[in-house]
Amino acid sequence: YVQLPLTTDYASAKMYVDEIETSLTSNQGTALSNALIRSQQVFLDKKAVHAVILFSDVEDHQGDLDSIVNVYQTEKTALSILAIGTSDGGLIPNNPDRQELGYKQDENGKAIVSKMNLSLVKDLAQQTNAQLLISKNSYPNIALLMQEIKQMKRVKSTFEEMEVQENRYQIPLILALICFLLFGV
């Protein structure tokens, strides 16, 4: 689902990003097709240039990459991928801030290991002509990704603000009140 609608309100965007938690979704796991196709659907202006940035471990549990490739080639949307993780994987903590609370387990009690699917992310990037940055660090250096984003073709948007000088709602209100009183007589 869309957590944050497209906006130029950076304060609002920062507030939404700060509120993102993995517990917000009922279905755990990565559904790349659904996420990338849904992100394409939020663009209202079909003539403008669009860009989507994917931050993920790219461990796809859905497996329908053909639909992603078709949508991104047809709509000419720029895709940038920041893949975080390793092929060996790592345990998923129940609470990232308090690792003493243990790690997530499947229904059999076995610890869940999240692994990056390196071949999948490379294949996705190649087929969609995406910019790809792979990092093993929890806090990667995204300077190269940001540089690529800054070089993308941009569309200028304008913001206009209007100020109401005087409200004149009193005149129709008085006429409506007179009509109401005359109707009652």
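Side-chain atoms are counted along with the backbone in the values below, which use heavy atoms only and exclude waters and symmetry mates.
- Put simply, the residue from I53, V52, L124 that forms a side chain to side chain contact (heavy atoms under 4.5 Å, CB included) with I81 is L124.
- Residue L182 belongs to a hydrophobic cluster whose other members are I174, I178, with links defined by side-chain heavy atoms closer than 4.5 Å.
- With a 6.0 Å radius and a threshold of 12 heavy atoms from other residues, nucleotides or ligands, Q105 has its CD atom above the threshold.
- The shortest distance between side-chain heavy atoms of K122 and L132 falls below 4.5 Å.
- Contact detail for A83 and V121: the closest heavy-atom pair is CB-CG2, 3.9 Å.
- In this structure, the separation between CG on L54 and CG on L133 is 12.0 Å, given to the nearest 0.5 Å.
- In terms of the salt bridge (Lys or Arg N to Asp or Glu O under 4.0 Å) criterion, residue partners of K14 (sequence neighbours excluded) are, by chain and number, D18.
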